[in-house]
Amino acid sequence: MFKKLAIIFTAVFCVLLAVPTLSPKLAPYFPSWIGPVSLGLDLKGGAQLLLEADTNTMFQEKTQQLYEETRSSLIDRNKGVIRFSNLRNHDGVVSLVVRDEKDVSNAKGRLKANFGTTVDIESDGKTITLSYSDAQKQEMVKDALARSIEIVRRRIDALGTKEPSIQSQGGKYILVQLPGVDNPEHIKNLIGQTAKMTFHLVNENVSSEQIASGRAPNGTEFLPYMDAPGQMVPVYSRVEVSGESLKDSQAEFDQHNMPVVSTVFDASGARRFAKLTTEHVNERFAIVLDGKVLSAPVIREPIPGGRGQISGGFTLQGAKDLAVLLRSGALPAPLQVIEERVVGAGLGADTIEAGKIGSIVGVLFIFIFLFFVYRLFGVIAGVALMVNLGMIVGLTALFGATLTLPGIAGIVLTLGMAVDANVLPFERIRDEIKAGTPSLRAVNMGFDRSMKTVLDGNLTTLICALVLFQFGAGPIRGFAVTLSIGILTTLFTCVWLSKVLIDWYMNGKNKKIGYAK
C-alpha cells in the first residue's frame, strides 16, 4: 500500500508543477520555486546574435606581449643583463641577435625558464627566434573562446536578462540567443567591448607641438580621451597595473553625488597600485580602457589597500555598464557581430497555439483508439497519458530547462511512445485471457512479461537522447531534454501508475475485462 501511495503522490506532485505553465493565472498561488516553463527564442521571440572572435588581433597582442617580456627577461638586473640588438616583432615572430655568442645558451635558458613550453624558442648562430606553433595557437583559440563565452555570460547575467543561450559554434563563433529581448543594441554594445583596462603614467615631458605632430617619443604613445577623441594624452607604454588584477567593481556616487565606479584590486594588484601611487605623488596617471583614456587624474596621496575610484562624467547607466564590464573581465579576443536576427513574439505565440491544437487533436485520436480497442483499460491508459504530459511539463519547469519548438516535438514523440508502452502489457493480458488465465492473474502476468520489452525500447531511446544532448547544440539539445524527461515519465506512468489504477479497479477480484474482439 505504501508503494502505491508513493506512486500516486509523485504523480500528483509533478502534475502540480505544471499548473503555473498550463494556467498562468494560478501561478501567484504557488511558491516562487514553482514557476512556468521557460520558453526558447523560437516560442517567446527575442534576439539572436552570432559573434566572431577576432583571433588575428589576439595573436598580434600576444606577440607584442612576447616582445615586451623577452626584452624584460634579458635586461633583468637581478639575474644579469644579456646584451642583445635588433629586437624585432615581425609576422608573429620575435627575433633578436645576442652580441656575444657565449651568451646565447644563457639567453635561451632564461627565456625557456620564463615562457616554458608555451613558446617555441630556436637559435641560429647568435640569432634567437620566439614564436607560437600551430598547435599552441589552436589551444589559445580554444581557450579564448571558452573564456569569451564565460565573460559574455557574466555580462548578460549582470544585466538581468533571463534564460540566455550562449554556446560555441564552428570553432571561433559564439551564438547568443536572448528570449524576450526585442532591442539588442544595448546588450550588443556591452558584450562587444573588449574591456581591457590598464593604468599608465602620463609623460609630462611631451610638448603640445609633439602631440600635434603625432610623433611620439620612444616608449610613449598618444591615446585619445574617450569623451573627447580629438584630445590626445601622452602616456608611457609600460603598463603599471593591469585590469586583470581587478577583483570587483561597483557603480556608486561620490561626495558630490556624481556617478563613479569604485574598484577593488586583488593582493598582487593592490601592492602594485600602492607602489604606483606612493612613488608618483603629484604626477598624473591614465586609466585606459580599450585604447582610450577614461580619465587622467593627479595622484594626490598614496592609495594603499587596493581600493580606487574612477570618475569621468559618467551617467548612472554608464557607470553601471563600466562596472559590469570591469567586473566580468576583459575579453581575450575582440568580438564582432556578424549576424543579428530579431524574432517577433507573435510568431512564437502562433507556434505555441499550433502546437496546442496539434497535441489536442493527436491526444483525442489516441483516446478514441484506446477506448474502442481496450474499453475501460483504454480509459485508464488515457488518464496515465495525460498525467505523463503534465509530468513532462512540470519537470521541465522544475529543472529550469528551456522549451523550444523541437522540444514540443520531443513531447509529442514521447506521448506516441507512451501509448506503445501501454499497448504492450494490454496485448499480453489479452493473450493470457485467451489462454484461460483468470483476469487478476492475467493482469499481473501481462505487466510482468512485457516489462523487459518496455524497458529495452525506452532505455535504448534514452541513450540516443543523451548522446544528442551531449553532442548536439541549440534546438537539438532542446529536443533531447524533453525526450529524456518524457522517457522517464513514460516508464513511471505506463509501468507503475497504470498498474496501480488497474489494481484499484480490480480490487483483488477476477473482474471481466471487456476488450474489443
Side-chain angles (χ1 to χ4, degrees), residues 47-72 87-95 111-112 114-122 129-157 164-178 184-185 187-198 221 223 237 239 242-246 288-292 324-341 471-474:
Q48 175 175 295
L49 304 174
L50 185 62
L51 310 175
E52 180 182 12
D54 185 358
T55 54
N56 290 332
T57 300
M58 180 187 72
F59 288 135
Q60 290 175 4
E61 293 178 352
K62 289 282 188 181
T63 307
Q64 182 61 31
Q65 184 178 0
L66 182 63
Y67 174 91
E68 297 291 344
E69 292 183 4
T70 298
R71 176 195 291 273
S72 299
L87 178 63
R88 299 177 60 199
N89 174 9
H90 183 67
D91 290 338
V93 178
V94 175
S95 63
L111 293 172
K112 286 183 177 180
N114 187 31
F115 298 116
T117 58
T118 60
V119 177
D120 289 344
I121 303 173
E122 304 291 340
T129 58
L130 301 90
S131 62
Y132 296 104
S133 67
D134 291 340
Q136 290 163 343
K137 287 181 177 180
Q138 290 177 5
E139 189 63 30
M140 289 161 63
V141 170
K142 183 179 178 181
D143 177 67
L145 195 66
R147 287 171 55 201
S148 296
I149 289 175
E150 183 58 32
I151 290 170
V152 168
R153 188 183 308 280
R154 289 202 298 264
R155 292 183 182 181
I156 292 177
D157 288 346
S165 173
I166 306 167
Q167 56 198 4
S168 63
Q169 198 172 73
K172 64 174 183 177
Y173 301 101
I174 299 175
L175 180 64
V176 181
Q177 294 181 325
L178 306 167
E185 279 302 317
I187 294 177
K188 184 171 66 175
N189 292 335
L190 194 66
I191 64 178
Q193 292 190 43
T194 308
K196 184 176 182 180
M197 188 178 72
T198 52
E221 52 188 314
L223 299 180
S237 302
V239 176
S242 171
E244 295 176 358
S245 301
L246 205 64
V288 179
L289 179 68
D290 291 345
K292 296 181 180 178
V324 167
L325 289 170
L326 299 181
R327 190 164 63 245
S328 59
L331 288 169
L335 296 178
Q336 300 174 351
V337 179
I338 61 173
E339 181 182 306
E340 177 182 346
R341 288 194 299 165
F471 297 103

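When a residue number appears, it is its place in the shown sequence, counting from 1. All values reported here derive from a predicted model rather than from experimental measurement.
The shortest side-chain heavy-atom distance between Q136 and D120 falls under the 4.5 Å cut-off.
To the nearest 0.5 angstrom, E221 atom CD is 4.0 Å from S237 atom OG. Of the inter-residue distances, the one linking K112 atom NZ with L130 atom CG reads 10.5 Å to the nearest 0.5 angstrom. Here the straight-line distance linking atom CG of L145 with atom CD of Q167 works out to 11.5 Å at 0.5 Å rounding. For the atom pair CD of Q169 and CD1 of I149, the computed distance is 10.5 Å after rounding to the nearest 0.5 Å. Once rounded to the nearest 0.5 Å, the distance linking CD1 of I166 with CG of L51 reads 9.0 Å. From D91, atom CG reaches atom OG of S131 across 11.5 Å, with rounding to the nearest 0.5 Å.
Nearest heavy-atom pair across G291 and L223 is O-CD2, 3.7 Å. Scanning all heavy atoms of the two residues, the minimum distance from L66 to T70 falls at O-OG1, 2.7 Å. Of all heavy-atom pairs spanning Y132 and K62, the tightest one is OH-O, 3.7 Å.
Checking each of L87, L111, T129 against V94 for a side-chain contact (heavy atoms from CB on, under 4.5 Å) leaves exactly one that passes, namely L87.
Partners of D143 by salt bridge (Lys or Arg N to Asp or Glu O under 4.0 Å), not counting sequence neighbours, listed by chain and number: R147. Applying the side chain to side chain contact (heavy atoms under 4.5 Å, CB included) criterion to Q60, with sequence neighbours excluded, gives no partner residue. When the side chain to side chain contact (heavy atoms under 4.5 Å, CB included) test is applied to E52, the partners found at least two apart in sequence or on another chain are K172, Y173, I338. For Y67, the side-chain hydrogen bond (donor to acceptor under 3.5 Å, both in side chains) test picks out R71, with sequence neighbours left out. A search for salt bridge (Lys or Arg N to Asp or Glu O under 4.0 Å) contacts involving E340 returns K188, not counting sequence neighbours. For the side-chain hydrogen bond (donor to acceptor under 3.5 Å, both in side chains) test, no residue two or more places apart in sequence or in another chain qualifies with N56.
Within a 6.0 Å sphere centred on NZ of K292, other residues, nucleotides and ligands contribute 12 heavy atoms or fewer.
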